[in-house]
Protein chains: 2
Amino acid sequence: MPGHHSARSRRTTERKGDVRERAILDTCEALLAHKGYDAMTVGDIAQGAGITRGALYFYFGSKQEVVTALVARTVEHLWERSRVTAQTDEPRQAIAAAMQRTVELWNEHGPVMRTAIDLSLTVPEIGELWKHTADLFIAAITAVLERAGVQAGAAPDQASAMARALCWMIERTFYHASQESREKLQEASATCEHIWLTSAGLIT
Amino acid sequence: MPGHHSARSRRTTERKGDVRERAILDTCEALLAHKGYDAMTVGDIAQGAGITRGALYFYFGSKQEVVTALVARTVEHLWERSRVTAQTDEPRQAIAAAMQRTVELWNEHGPVMRTAIDLSLTVPEIGELWKHTADLFIAAITAVLERAGVQAGAAPDQASAMARALCWMIERTFYHASQESREKLQEASATCEHIWLTSAGLIT
DNA sequence: GGAAAAAGTCTACACCGTGTCGATTTTTAT
DNA sequence: ATAAAAATCGACACGGTGTAGACTTTTTCC
């Protein structure tokens, strides 16, 4: 195999611990999906990852730290995706694209998203992560509303405040629908899209 | 003192335990307000109510049962209030009245409402209570939308589905705003009202 | 390829909050 | 006044968390 020893990547071989760490996070995600946060014990996570509790504490300081890392991983994936997505200028297209991306994200990582929301209050780190994500979303919605002709500003009937409310509508609606089924999620998405369009004045 | 021994009320004197039970619930509400559910221990509740942990378990089987009872009390209060409120036929008035009532409720019992939402997943009893409350709300919104001319039905752009999304929008927006201040809550209410009106086609 | 260092792992333990139990005291009804 | 019911307490057992120190494996570097 080609041994390009020159400045390739900072670390040539992957640490064993990196694999374990990923295993821990993957196990955690799986457990969240079918036990929920409360029922999930750090013993469970360790066992799933093939180590003992003691060893797990070498990687993470607490149960909360594990799920914080998992949320961070998921949310960074989300940021990545929205950064890459081409921005279209046509409001209708922008809205449809945003909703589609969101559906995919929730289909893939619903349990993690729900857990992140649930723990936003009690785990400050997760609260920050989620708040930042929401702010990105709100900024995007605001931009679309303004481009569609809604007056800029923070008053209750202006773009910024409306975008915030629409963001929470989408979050909560997806939160519930993603517990049901993919079909429900798709329907929920259509409903949110319709209200978003109406609020933007794009549907008479 | 007047001893009207005849059939007055099923129970003539209030049991001592009834007072304690109320004290427990009141203490719980206070603790939720400034410690949050996780940080609140049943020792804390017992102490606040002037008894020991052991005694508290005479009244409630667990910490969860205590807050379930508290949520039930609050939510029944809410049902009461919406039952009594006169139903107006004019959509604009109905919307304004509903939002006003909701603001008051969250101002008075914000911490309990937030806790109820947080625990809906993990505590089935609370989930039921909250689901029922949401259904009442959704039915009311649906009725208003239909009276305003939105087509009845469950498709994404019809009254029922839209009402559900609007309900979650209001829930979540109030959830966040009630953590900030009364002013924010009032603004949030205005924003939700505006989107509701727009969705109903009452604002061009 | 072999030692020293770093990284990873394990078992045992101490702590804290929960919920249970049986004995005891207070309240209530007659 | 007294017996039954209601309420309270202290002590205990259990389970999950997080820590400590000894031990083993992997990585690094010459």
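Everything quoted here is computed from the prediction, not taken from an experiment. A note on names: the letters A, B, ... follow the listed sequences, proteins ahead of strands, and every chain is numbered from 1.
- Nucleic acid contact for A/G17: sugar-phosphate only, since backbone atoms but no base atoms lie under 4.0 Å from a heavy atom of the residue.
- Between the CD atom of B/E21 and the C1' atom of D/dT8 there is a distance of 16 Å, rounded to whole Å.
- Summarising the geometry, the separation between CZ on A/F58 and P on C/dA6 is reported as 13 Å, rounded to the nearest angstrom.
- Of the two residues contacting DNA chain C, namely A/G50 and A/R53, the nearest-nucleotide position lying further toward the 5' end is that of A/G50.
- Checking C/dG8, C/dT18, D/dG10 against every side-chain atom of B/T52, the shortest atom distance belongs to D/dG10.
- Side-chain proximity of A/V42 to the nucleotides D/dC9, C/dG19, D/dT17 is greatest for D/dT17.
- The pair B/D18-B/R22 does not meet the salt-bridge criterion, since no charged nitrogen lies less than 4.0 angstrom from a carboxylate oxygen.
- The pair B/E104-B/R81 counts as a salt bridge, with a side-chain nitrogen and a carboxylate oxygen less than 4.0 angstrom apart.
- Here D/dT17 presents its C1' atom at 13 Å from CE of A/M40, a figure rounded to the nearest Å.
- Distance from the side chain of B/T41 is smallest for C/dG17 among the nucleotides D/dT8, D/dT19, C/dG17.
- Taking only side-chain atoms of A/K63, from C-beta outward, the nucleotide of D/dA7, D/dT17, C/dG19 with the closest atom is D/dT17.
- The side chain of B/Y59 lies closest to D/dA7, out of D/dT17, D/dA7, C/dC10.
- Side-chain atoms of A/L25 and A/F60, non-hydrogen and from C-beta on, do get closer than 4.5 Å to each other.
- Judged as a side chain to side chain donor-acceptor pair (under 3.5 Å), not a single pair has a partner in residues 61-71 of chain A (not counting sequence neighbours).
- For the pair B/L56 CG and C/dG17 P, the computed distance is 15 Å after rounding to whole Å.
- Side-chain nitrogen and oxygen atoms of B/R20 include at least one within less than 4.0 Å of the OP1 or OP2 phosphate oxygen of D/dT8.
- Nucleotide D/dT27 holds its C1' atom 13 Å from the CG atom of A/D18, rounded to whole Å.
- Within 6.0 Å of CZ on B/R147 lie more than 12 heavy atoms contributed by other residues, nucleotides or ligands.
- When the P atom of C/dG19 is taken as reference, atom OH of B/Y57 falls 4 Å away, rounded to whole Å.
- Look at CD on B/Q64: it is 7 Å from P on C/dG19, rounded to the nearest Å.
- Residue A/R15 places its side chain closer to D/dT27 than to any other of D/dT27, C/dT18, D/dT8.
- Spacing between atom CG of A/D38 and atom P of D/dG16 amounts to 13 Å, rounded to whole angstrom units.
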